[in-house]
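Have a look at the structure below, then the notes.
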Amino acid sequence: MAKVKAFIVHDTASGRIISIGRPVGGVKAVPIAGDGKSVLETEVEESDIDDMVGGKYRVDTERNSIVDI
């Protein structure tokens, strides 16, 4: 599969992924998150998205990257 742009909403302290959003059809999106949450904009393999939300990955907040748990 191809890489796609994604917005990863995660817990700021633990890096636990809460949700993943993708912009649709050229729409300029600015994601926001509530208290204690952050958003990482990145490119991911489309086929990995289900596993990311399922708890197999987290966001490494020091390196701003997604890592296996």
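Just so it is clear, the structure is predicted and the values come from calculations on it, not from any experiment.
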CG/Asp11 to OG/Ser38 distance, rounded to the nearest 0.5 angstrom?
-> 8.0 Å
Gap separating the NE2 atom of His10 from the CZ atom of Arg58, nearest 0.5 angstrom | 10.5 Å
Test: Glu46 and Lys3 ion pair at under 4.0 Å | no
Atom pair CD1 (Ile8) and CG (Asn64), whose distance is rounded to the nearest 0.5 Å | 12.0 Å
Under 3.5 Å: donor-acceptor pair, side chain of Thr61, backbone of Gly15 | no
Do other residues, nucleotides or ligands put more than 12 heavy atoms under 6.0 Å from the CD atom of Glu43?
-> yes
Separation between CD1 of Ile20 and CD1 of Ile66, rounded to the nearest 0.5 Å = 6.5 Å
Which pair of heavy atoms, one from Val39 and one from Phe7, lies closest together, and at what distance?
-> CG1-CB, 4.0 Å
Heavy-atom closest pair (Lys37 atom, Val9 atom, distance to 0.1 Å) is CB-CG1, 4.5 Å
Nearest heavy-atom neighbours spanning Tyr57 and Ile17 | O-CD1, 3.9 Å
Close side-chain approach of Asp50 and Met52, heavy atoms under 4.5 Å = no
In terms of heavy-atom contacts, does CD1 of Ile69 have more than 12 from other residues, nucleotides or ligands at under 6.0 Å?
-> yes
Should Val59 and Val4 be regarded as members of a common hydrophobic cluster, given that ILVMFWY residues are connected when their side-chain heavy atoms come within less than 4.5 Å of each other, either directly or indirectly?
-> yes
Reference residue Pro23; test side-chain contact (heavy atoms from CB on, under 4.5 Å); the match among Lys5, Glu41, Lys28 = Lys5
